[in-house]
Amino acid sequence: MKNFEYLEPRSVQEACQLLRQHGEEARIFAGGTSLSIVMKQGFFQPKYLVNIKKIPDLTGIRWDPKRGLTLGALVTHRELETSPLIQETFPILSQIEEDVANIRVRVMGTVGGNLAYAEPLTDLPQILIALEASIRVAGPDGDRTMSLEELFVDYYETSLRPDEILTEVLVPTPPPRTGIEYIRFSSSSVIDKPCLGTAVRFTLEEDLETVRTARVVLGCVAPTPLRARQAEALLEGKRYEVQRVKEAAAFASRECKPVSDLRGSEAYKREMVRVLVTRAAPRAFEKARAFRGQV
Ligand SMILES: Cc1cc2nc3c(=O)[nH]c(=O)nc-3n(C[C@H](O)[C@H](O)[C@H](O)COP(=O)(O)OP(=O)(O)OC[C@H]3O[C@@H](n4cnc5c(N)ncnc54)[C@H](O)[C@@H]3O)c2cc1C
């Protein structure tokens, strides 16, 4: 690893100014679990590392029944996994975190880094998009909010400008009769990055039989997390039926764009998408029927 200068801003504004000042030569450094690997491998040699870990405004997990859940960008995987507040309000997040990477990565790696790195083989984006999360972004000229979906542009590419920082993730309070299921599948070892990650979320009508809204979000099978919109359209506004779920799963399998790699061939991944959507949907449906204010 080549020498670099280590900068430690104490506020978001100061960090944005440093990023603007040093342009392409600077990089945000949060937990360092991803960035340090590419630096050690020599793929990327920033001249300045802007360590944001000492900015108090980027920390903390907050819950408000009206606004929903707010996660500071520096919240770590481990905090999500162990927070009593998360376990009470969004248990799906703490459950999935138990399977993310390994304990060392979970202790250091942050939610902001996980999203802003835009690596395709991750878990959180699928779940958060299915929950209709948005993000807050700060830049030298002010803040903006966008849906999480809009963040992802391509492999390792986001819509953030070089002098912008992802500051918060906002997850709205789920509407009544909502259930979500996430199935993570790893084809090599359980601590490997996922080969596939499939989130299915339903919000039901009062009759507990009709699907008001459906979200089918696929991870690791396209350059960015992918909403299977045809599958969603097939399920929405209709009675939940096993046959329809099978058809939706087949749509999802056609909609995704996997590539063959060490974790599986393109055909294998397409087939697994079909299998996982078929498995996740009934669980999400049952959870929605049993909704007690948490997902
Ligand atoms: C061995 C291993 C296994 C893994 N397995 C999984 C897995 O199973 N599931 C999963 O979801 N993930 C997995 N990951 C990815 C892991 O979640 C990310 O490495 C981690 O969350 C990145 O966070 P970080 O704080 O370490 O980011 P850093 O390494 O510090 O930064 C990563 C990138 O994001 C940028 N960045 C960081 N924070 C911000 C911010 N707030 N605003 C704007 N840009 C920012 C940095 O400039 C850098 O380009 C794995 C990683 C490793 C190394």
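Both ligands and their constituent atoms are indexed starting at 1 by order of listing. Residues: numbered from 1 along the sequence shown.
Under 4.0 Å is where a charged nitrogen must lie from a carboxylate oxygen, and between Arg244 and Glu247 no such pair does. Comment: Glu181 engages Lys287 in a salt bridge, judged by a side-chain N to carboxylate O separation of less than 4.0 angstrom. Of the charged side-chain nitrogens involved, none lies within less than 4.0 Å of a carboxylate oxygen, so that Arg20 and Glu14 do not count as a salt-bridged pair. Ionic pairing of Arg184 and Asp123 is present here: one or more N-O contacts between side-chain nitrogen and carboxylate oxygen are shorter than 4.0 angstrom. For the pair Glu236 and Lys238, the salt-bridge criterion is not met [side-chain N within less than 4.0 Å of a carboxylate O]. Remark: Arg239 does not engage Asp207 in a salt bridge, criterion side-chain N to carboxylate O under 4.0 Å.
Regarding atom 41 (N) of ligand 1, its nearest protein heavy-atom neighbour is Leu166 O, 2.9 Å. Looking at atom 14 (N) of ligand 1, its nearest protein heavy atom turns out to be Lys193 CE, 4.2 Å. Counting only heavy atoms of the protein, atom 13 (C) of ligand 1 lies nearest to Val100 CG1, 4.2 Å. With hydrogens left out, the protein atom closest to atom 31 (O) of ligand 1 is Leu35 CB, 4.1 Å, a heavy atom. What sits closest to atom 21 (O) of ligand 1 on the protein, heavy atoms only, is His77 NE2, 2.9 Å. With respect to atom 8 (O) of ligand 1, the closest heavy atom belonging to the protein is Arg184 NH2, 2.5 Å. When only non-hydrogen protein atoms are considered, atom 46 (C) of ligand 1 lies nearest to Ile28 O, 3.0 Å. Protein heavy atom closest to atom 12 (N) of ligand 1, with residue, atom name and distance, is Asn114 ND2, 3.4 Å.
Contacts between Val111 and ligand 1, counted as non-hydrogen atom pairs separated by less than 4.0 Å, are absent for every part of the residue. With a 4.0 Å heavy-atom cut-off, ligand 1 is reached by the side chain of Ile37 but not by its N, CA, C or O. With a heavy-atom cut-off of 4.0 Å, Ile52 touches ligand 1 through its side chain alone.
Heavy-atom contacts of Leu160 reach the following atoms of ligand 1: 43 (C) (cutoff under 4.0 Å). If you number the atoms of ligand 1 from 1 as listed, the ones under 4.0 Å from a heavy atom of Ala73 come out as 41 (N). Using a 4.0 Å cut-off to heavy atoms of Arg27, the atoms of ligand 1 that qualify are 47 (O). Taking a cut-off of under 4.0 Å to the non-hydrogen atoms of Ile165, the atoms of ligand 1 that pass are 41 (N), 42 (N). Under a 4.0 Å criterion applied to the non-hydrogen atoms of Thr122, ligand 1 contributes the atoms 10 (C), 11 (O), 12 (N).
The side-chain hydrogen bond (donor to acceptor under 3.5 Å, both in side chains) test with His77 singles out one residue from Glu98, Glu97, Arg106, and that residue is Glu97.
Using a 4.5 Å heavy-atom cutoff, the side chains of Leu196 and Leu218 are not in contact.
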Run the side chain to side chain donor-acceptor pair (under 3.5 Å) check on Arg201 and Thr203 step by step: do they pass?
CA-CA 7 Å; Arg201 190 206 110 189; Thr203 298; 2.8 Å; yes

For side-chain contact (heavy atoms from CB on, under 4.5 Å), just list the numbers for Ile165 and Cys16, CA-CA rounded to whole Å, side-chain angles, deciding distance to a tenth of an Å, and then say yes or no.
CA-CA 7 Å; Ile165 297 178; Cys16 293; 4.0 Å; yes

Intermediate values then yes/no, salt bridge (Lys or Arg N to Asp or Glu O under 4.0 Å), Arg274 and Glu271:
CA-CA 5 Å; Arg274 193 191 61 73; Glu271 175 61 7; 2.7 Å; yes

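Comparing Pro46, Ala101, Ala30, Pro162 against atom 4 (C) of ligand 1, the shortest heavy-atom distance belongs to Ala101. The heavy atom nearest to atom 18 (C) of ligand 1, out of those in Ala26, Ser34, Gly31, Gly109, is found in Ser34. Between the choices Ala116, Ser36, Gly113, Gly32, the shortest heavy-atom distance to atom 30 (O) of ligand 1 belongs to Gly32. When the heavy atoms of Val50, Asp192, Asp123, Val75 are ranked by distance to atom 9 (N) of ligand 1, first place goes to Asp123. Looking at Val12, Ile135, Thr110, it is Thr110 that brings a heavy atom closest to atom 25 (O) of ligand 1. Closest heavy-atom approach to atom 1 (C) of ligand 1 among the candidates Thr33, Val105, Ile96: Val105.
Centroid-to-centroid, the aromatic rings of Tyr117 and Tyr156 come within less than 6.0 Å.
Annotation: ring-ring contact (aromatic ring centres under 6.0 Å, His included) contacts involving residues 268-295, sequence neighbours excluded, comprise Tyr240-Phe285.
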